There are 2 protein chains.
Amino acid sequence: MAANSRLTIATHALTWLALAHRRGQEVLTSDQVAASVNTNPVIIRRSLGDLRRAGLVEVRHGAGAGWSLARAPEEITLLQVYDAVGGEQPFGLHHTEPNLECPVGRGIRPALTQTYGRVEQAIRRELADTSIADMLRETVTN
Amino acid sequence: MAANSRLTIATHALTWLALAHRRGQEVLTSDQVAASVNTNPVIIRRSLGDLRRAGLVEVRHGAGAGWSLARAPEEITLLQVYDAVGGEQPFGLHHTEPNLECPVGRGIRPALTQTYGRVEQAIRRELADTSIADMLRETVTN
DNA sequence: CTTGCCGTAACATTTTCTGTTACAGATGTG
DNA sequence: CACATCTGTAACAGAAAATGTTACGGCAAG
């Protein structure tokens with residue numbers, strides 16, 4: 001399982017919900033979203049469940065149930081989606097604690113944490129600059 | 001296996017090589033580096049092998065063998081290390097091709113690729129801003 | 001009450017990383 | 001030249017995580 005596709009799945013689902021709403025379709029079921037993403041409905045329910053807990057989508061239960069956006073596409077950024085699906089850091093520290101008797105082993109982790117933190121902030125800035133409305137616009141013109 | 005620690009291992013090794021050189025130690029063996037990182041020497045050889053192919057370190061074979069930096073610590077950036085160890089993208093696209101009969105399924109991948117490309121560039125900018133000399137300085141003051 | 005769909009548990013599969021052992025090859029030293 | 005030392009790499013085991021899949025309880029509209 002190469003890279004993490006959770007942000008991709010969630011963004012795809014949200015973009016699809018935004019387009020459906022613009023076309024007058026109130027809600028979409030997990031089956032309908034899964035048909036577009038081409039995966040299992042349970043994957044979609046798990047992803048949309050994360051987004052619901054973050055307040056980005058709403059769900060209706062019972063017969064005629066389905067999902068819809070909880071706010072305008074312009075007001076949902078990819079950063080919010082990233083946080084909602086639990087984005088993981090691109091770089092990890094040592095799996096086992098380094099040798100603390102070595103000066104490098106002792107000081108490298110704080111130094112790396114600082115650098116990796118700057119990288120994470122750069123990622124967040126880029127993601128905060130793109131909304132679901134942006135994604136929808138770029139998607140339908142492609 | 002949570003995140004990718006390859007950049008961490010490689011940076012640790014390079015920082016340790018830089019400090020050893022400053023202390024007058026010409027080369028370090030993979031065993032000596034492994035003792036600081038607290039892992040198996042083969043892991044270190046694999047990592048330093050990547051760095052050697054990228055021209056960042058040199059290796060001496062035979063008896064009295066070992067590794068040394070191929071250039072000054074100021075001239076090795078974390079971006080070069082990232083490329084040397086084959087850094088993977090933080091976000092992946094769909095595992096299976098989306099449904100191309102859906103407008104979102106058709107257009108989402110180019111849109112995501114564009115956004116993810118901007119994120120990747122932001123990461124590279126940050127990594128290019130930090131050198132092994134920077135890491136060594138931050139490490140020994142911690 | 002029936003039907004349709006969500007929520008979630010449980011499990012199989014796949015992939016990747018890390019760690020480990022083993023051994024061939026290279027090279028300085030005596 | 002023989003030897004000791006260390007690299008380069010293959011082969012394999014184990015662990016962890018993501019994804020996909022089946023199954024089933026629960027909720028709500030008609």
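So that the names make sense, note that chain A is the first sequence line, chain B the second, and so on, each numbered from 1. Atoms considered below: every heavy atom in the structure, side chains included; atoms not considered: hydrogens, waters and symmetry mates. Computed from a prediction, not measured in an experiment: that's the story for all the values here.
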Who passes side chain to side chain donor-acceptor pair (under 3.5 Å) against [X], sequence neighbours left out?
{"X": "B:Arg46", "answer": "none"}
{"X": "B:Ser131", "answer": "B:Asp134"}
{"X": "A:Thr115", "answer": "none"}
{"X": "B:Ser30", "answer": "B:Arg45"}

key: Which residues share a side-chain contact (heavy atoms from CB on, under 4.5 Å) with B:Glu97, sequence neighbours left out   = B:Leu100, B:Arg109
From [options], pick the nucleotide closest to the side chain of [X]?
{"X": "A:Ile43", "options": "C:dT20, D:dG20, D:dA23", "result": "D:dG20"}
{"X": "A:Thr39", "options": "C:dT18, D:dG20, C:dG7", "result": "D:dG20"}
{"X": "A:Val42", "options": "C:dC6, D:dT21, C:dT18", "result": "D:dT21"}
{"X": "B:Glu88", "options": "C:dC6, C:dC17, C:dT20", "result": "C:dC17"}

Using atom [atom1] of [X] as one end and atom [atom2] of [N] as the other, report the distance to the nearest whole Å.
{"X": "B:Asn4", "N": "C:dT15", "atom1": "CG", "atom2": "P", "value": "18 Å"}
{"X": "B:His94", "N": "D:dG20", "atom1": "NE2", "atom2": "C1'", "value": "15 Å"}
{"X": "A:Asn40", "N": "C:dA10", "atom1": "CG", "atom2": "P", "value": "18 Å"}
{"X": "A:Ile44", "N": "C:dT8", "atom1": "CD1", "atom2": "P", "value": "16 Å"}
{"X": "A:Phe91", "N": "C:dC17", "atom1": "CZ", "atom2": "C1'", "value": "16 Å"}
{"X": "B:Arg6", "N": "C:dG19", "atom1": "CZ", "atom2": "P", "value": "13 Å"}
{"X": "B:Leu51", "N": "D:dG8", "atom1": "CG", "atom2": "P", "value": "12 Å"}
{"X": "A:Arg53", "N": "C:dC6", "atom1": "CZ", "atom2": "P", "value": "14 Å"}

Please report, to 0.1 Å, the donor-acceptor pairs under 3.5 Å made by any side chain of residues 48-60 of chain B, with sequence neighbours excluded.
residue, atom, partner, partner atom, Å
B:Asp50, OD1, B:Arg53, NH2, 3.2

message = In the structure I gave you, are the side-chain heavy atoms of B:Leu112 and B:Phe91 within less than 4.5 Å of one another anywhere?
response = no
Close side-chain approach of A:Arg23 to B:Pro103, heavy-atom, < 4.5 Å = yes
Atom pairs and distances, side-chain donor-acceptor, residues 10-21 of chain B, under 3.5 Å, sequence neighbours left out:
residue, atom, partner, partner atom, Å
B:Thr11, OG1, B:Leu7, O, 2.7
B:His12, ND1, A:His94, NE2, 2.8
B:His12, NE2, B:Ser36, OG, 2.8
B:Thr15, OG1, B:Thr11, O, 2.7

message = So if I take the C1' atoms of five pairs at each end of the helix from C:dC1-D:dG30 to C:dG30-D:dC1 and get each local axis, what angle do the two axes make, rounded to 10 degrees?
response = 10°
message = Does anything in residues 119-133 of chain A form a salt bridge (charged side-chain N to carboxylate O under 4.0 Å, His left out)? List the pairs, not counting sequence neighbours.
response = A:Asp83-A:Arg124, A:Glu120-A:Arg124, A:Arg125-B:Glu126, A:Glu126-B:Arg118, A:Glu126-B:Arg125
task = Report the residue from B:Val33, B:Asn4, B:Val37 that forms a side chain to side chain contact (heavy atoms under 4.5 Å, CB included) with B:Ile9.
result = B:Val37
Along DNA chain D (nearest heavy atom to each residue), the more 5'-positioned of B:Thr96 and B:Arg52 = B:Arg52
Side-chain polar contacts of residues 67-80 of chain B - donor-acceptor pairs under 3.5 angstrom, sequence neighbours left out - could you list them?
residue, atom, partner, partner atom, Å
B:Thr77, OG1, B:Leu79, N, 3.4
B:Thr77, OG1, B:Gln80, N, 3.2
B:Gln80, OE1, B:Thr77, N, 2.9

task = Identify, residue by residue, the members of residues 7-29 of chain A with a heavy atom below 4.0 Å from DNA chain C, and return them in order of residue number, or none.
result = A:Thr29
key: Letter per nucleotide, 5' to 3', of nucleotides 24-30 of chain D [B base touched, S only sugar-phosphate touched, - untouched; heavy atoms, 4.0 Å]   = ---BBB-
